[in-house]
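These notes concern the structure reproduced below.
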Amino acid sequence: GLDWEWAGEVLLDNWKPVGIYINLGMDFGNQDAGEALADAMRSALATGLPLYMFDDDTSYGQVEDVNDFLEDVGMMDPDWD
């Protein structure tokens with residue numbers, strides 16, 4: 001079988017999404033990386049699906065509060081809300 005560990009994009013047919021996984025090292029192009037990451041995380045949480053964060057080989061597990069998570073990993077800017 002296939003031995004894939006991740007996918008950049010996934011199309012599902014008769015499968016149910018189990019969560020959203022976001023890499024801390026995502027490239028947001030010209031956007032401020034921290035602020036764009038916070039926006040992506042908030043959008044993911046708004047779907048009602050569980051949100052899981054990772055960075056390369058490090059898993060941070062499920063995230064329920066964006067600001068708390070970003071503070072914990074030292075990426076929070078006090079001006080974000």
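Residues: numbered from 1 along the sequence shown. Worth knowing before you read on, the calculation uses all heavy atoms, side chains too, and leaves out hydrogens, waters and symmetry mates. Just so it is clear, the structure is predicted and the values come from calculations on it, not from any experiment.
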- Item | Asp56 versus Asn23, closest heavy-atom pair with distance | N-OD1, 4.1 Å
- What's the shortest heavy-atom distance between Met53 and Val63, and which atoms? CG-CG2, 3.3 Å
- Taking the side chain from Asp55 and the backbone from Thr58, do they hold a donor-acceptor pair closer than 3.5 Å? no
- So CD1 of Ile22 and CE of Met41: to nearest 0.5 Å the spacing works out to 6.5 Å
- Message: Does Phe69 form a side chain to side chain contact (heavy atoms under 4.5 Å, CB included) with Leu24? I'd like the steps, not just the answer.
- Response: CA-CA 11 Å; Phe69 174 77; Leu24 281 176; 3.8 Å; yes
- Query: Could you go step by step and tell me if Arg42 and Leu37 meet the side chain to side chain contact (heavy atoms under 4.5 Å, CB included) rule?
  - Reply: CA-CA 9 Å; Arg42 286 187 186 97; Leu37 177 62; over 6 Å; no
- Task: Taking side chain to side chain contact (heavy atoms under 4.5 Å, CB included) as the test, write out the residues that go with Tyr52, two or more places apart.
- Result: Tyr21, Pro50, Gln62
- Mind checking what makes side chain to side chain contact (heavy atoms under 4.5 Å, CB included) contact with Thr47, not counting sequence neighbours? Ile20, Leu49
